[in-house]
Engineer: 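Below are the structure tokens for one structure; questions will follow.
Computation of the quantities below employed the complete heavy-atom set of this structure, encompassing side-chain atoms and omitting hydrogens, waters and symmetry-equivalent molecules.
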Amino acid sequence: MSNPFLKQVFNKDKTFRPKRKFEPGTQRFELHKRAQASLNAGLDLKLAVQLPAGEELNDWVAVHVVDFFNRVNLIYGTISDGCTEQSCPVMSGGPKYEYRWQDEQKFRKPTALSAPRYMDLLMDWIEVQINNEDVFPTSVGTPFPKNFLQVVRKILSRLFRVFVHVYIHHFDRIAQMGSEAHVNTCYKHFYYFVKEFGLIDTKELEPLKEMTARMCH
């Protein structure tokens, strides 16, 4: 694996933010290992995302959400030097799609922001969610909140927007680094997962519809 991008992505200690780690010995750590083993064994991604027999859906989803956050964060981090206030004054996915930021704190109304500002707020917001014990409990036996899948849908919809922006506005940089195969695999894994469990609205997937049809048949 001589590609520096891949080394960076697969080097588990080198990420752009503090990572949510699964504690060894916990059920979720075992699930995480199982999910990783399936990927490393080159298992068909459509099969790799399926819920293993006897496992809880929320546990399986929690493990994947954290993993996708870490991977997407890394992918964006590798192109972020080319995603600036000047190059990307609007967080968009081509001329037809513009994403506005909204949260419970500062931006109560959907607000147009530059892509880097949007990405910062997005990654911070997701990090807060996945490190919140009330939303993503780490203790075995602590129940997930009733609205867990609702929160997850919002996280995954917003992560999908990172793929949209990266593919439409920064794909030349990904190609230049020789990383398209890896990014495509991450995308396929994400796409099959959200489709398997109905975790994203079809309209959110629209900007990459043609590419997805080619890549994920």
Side-chain angles (χ1 to χ4, degrees), residues 9-10 12 15-24 26-40 43 45-52 55-77 99 101-104 118-166 182-202 204-205 208 212 216:
V9 170
F10 287 110
K12 287 300 177 193
T15 54
F16 287 86
R17 305 170 163 260
K19 268 176 47 137
R20 180 65 186 263
K21 287 198 165 49
F22 299 103
E23 292 303 316
T26 64
Q27 183 190 9
R28 227 156 288 154
F29 179 75
E30 295 307 316
L31 272 182
H32 180 65
K33 275 200 327 202
R34 186 189 301 192
Q36 286 299 113
S38 298
L39 292 179
N40 295 343
L43 186 67
L45 289 169
K46 263 187 182 164
L47 297 174
V49 298
Q50 291 172 2
L51 180 66
E55 296 298 350
E56 286 292 324
L57 175 64
N58 284 351
D59 280 316
W60 187 241
V61 168
V63 162
H64 282 80
V65 169
V66 174
D67 200 42
F68 289 139
F69 168 65
N70 290 325
R71 286 168 190 268
V72 172
N73 198 4
L74 261 176
I75 289 168
Y76 180 69
Y99 299 119
W101 182 256
Q102 184 175 20
D103 57 31
E104 260 90 80
Y118 185 103
M119 296 293 186
D120 264 353
L121 288 165
L122 169 59
M123 299 304 182
D124 287 345
W125 176 80
I126 295 177
E127 207 173 356
V128 167
Q129 307 298 314
I130 63 178
N131 285 303
N132 180 345
E133 285 287 330
D134 294 335
V135 183
F136 279 73
T138 47
S139 314
V140 177
T142 306
F144 283 88
K146 287 191 170 62
N147 68 338
F148 177 67
L149 289 179
Q150 201 180 324
V151 174
V152 160
R153 281 191 181 92
K154 194 164 186 182
I155 290 173
L156 294 172
S157 292
R158 286 180 160 182
L159 275 179
F160 184 78
R161 296 170 179 188
V162 182
F163 277 120
V164 173
H165 185 74
V166 167
H182 174 72
V183 175
N184 289 348
T185 301
C186 287
Y187 176 73
K188 284 201 279 196
H189 187 201
F190 182 96
Y191 176 79
Y192 288 136
F193 188 82
V194 297
K195 290 300 278 185
E196 174 75 15
F197 301 107
L199 294 172
I200 209 162
D201 282 347
T202 308
E204 276 284 346
L205 300 171
L208 297 179
T212 306
C216 308

Engineer: Of all heavy-atom pairs between L51 and L57, which one has the smallest distance, and what is that distance?
Structural biologist: CD1-CA, 3.9 Å
Engineer: Residues two or more places apart in sequence or in another chain: which of them pass side-chain contact (heavy atoms from CB on, under 4.5 Å) with K188?
Structural biologist: L45, Y192, M215, C216
Engineer: A side-chain contact here means heavy atoms from C-beta on lying under 4.5 Å apart; do R153 and D201 qualify?
Structural biologist: no
Engineer: Test of understanding: with ring-ring contact (aromatic ring centres under 6.0 Å, His included), list the residues that count as partners of F148, not counting sequence neighbours.
Structural biologist: F136, F144
Engineer: Rounded to the nearest 0.5 Å, what separates atom CG in N131 from atom CD1 in I126?
Structural biologist: 11.5 Å
Engineer: Could you walk me through whether V166 and I75 pass the side-chain contact (heavy atoms from CB on, under 4.5 Å) test, one step at a time?
Structural biologist: CA-CA 8 Å; V166 167; I75 289 168; 4.3 Å; yes
Engineer: Does the pair Y191 and I200 meet the rule for a side-chain contact (heavy atoms from CB on, under 4.5 Å), with working shown?
Structural biologist: CA-CA 9 Å; Y191 176 79; I200 209 162; over 6 Å; no
Engineer: Identify the heavy atoms of P137 and P143 that sit nearest to each other, and give their distance.
Structural biologist: CG-O, 3.6 Å
Engineer: Nearest 0.5 Å please: distance from the CD atom of E127 over to the CZ atom of F69.
Structural biologist: 4.5 Å
Engineer: Do F68 and F160 have side chains that approach each other closer than 4.5 Å (heavy atoms only, starting at C-beta)?
Structural biologist: no
Engineer: To the nearest 0.5 Å, what is the distance between NE2 on H182 and CG on L74?
Structural biologist: 7.5 Å
Engineer: Taking all non-hydrogen atoms of both residues, which atom of F163 and which atom of V183 are closest, and how far apart?
Structural biologist: CE2-O, 4.5 Å
Engineer: Please identify each residue that fulfils salt bridge (Lys or Arg N to Asp or Glu O under 4.0 Å) with R161, with sequence neighbours left out.
Structural biologist: E204
Engineer: For the residue pair H64 and H189, does the interplanar ring angle fall in the parallel (under 30°), tilted (30 to 60°) or perpendicular (over 60°) class?
Structural biologist: perpendicular
Engineer: Output all residues satisfying side chain to side chain donor-acceptor pair (under 3.5 Å) with S157, sequence neighbours left out; order by chain, then residue number.
Structural biologist: none
Engineer: Examine distances only and state if a side-chain atom of D59 and a backbone atom of E55 form a donor-acceptor pair shorter than 3.5 Å.
Structural biologist: no
Engineer: Nearest 0.5 Å please: distance from the CG atom of L149 over to the CG atom of N58.
Structural biologist: 5.0 Å
Engineer: As an exercise, state the distance from CG of L159 to CG of N73, rounded to the nearest 0.5 Å.
Structural biologist: 8.5 Å
Engineer: For W125 and K154, work out which heavy atoms get closest and say how close.
Structural biologist: CH2-CG, 3.7 Å
Engineer: Any side-chain to backbone donor/acceptor pair from E196 onto K46? Under 3.5 Å, distance only.
Structural biologist: no
Engineer: Would V49 and K195 count as a side-chain contact (heavy atoms from CB on, under 4.5 Å) if you check the C-alpha gap in whole Å, the side-chain angles of each, and the deciding distance to 0.1 Å?
Structural biologist: CA-CA 10 Å; V49 298; K195 290 300 278 185; over 6 Å; no
Engineer: Taking all non-hydrogen atoms of both residues, which atom of Q129 and which atom of V135 are closest, and how far apart?
Structural biologist: O-CB, 3.8 Å
Engineer: Only counting residues at least two apart or in another chain, list the ones meeting side chain to side chain donor-acceptor pair (under 3.5 Å) with N147.
Structural biologist: none
Engineer: Between L199 and V152, is there a side-chain heavy-atom distance shorter than 4.5 Å?
Structural biologist: yes
Engineer: State which residues pass salt bridge (Lys or Arg N to Asp or Glu O under 4.0 Å) with D103; sequence neighbours excluded, sorted by chain then number.
Structural biologist: none
Engineer: List for me each residue that meets ring-ring contact (aromatic ring centres under 6.0 Å, His included) alongside Y118, sequence neighbours excluded, and say none if there are none.
Structural biologist: W101
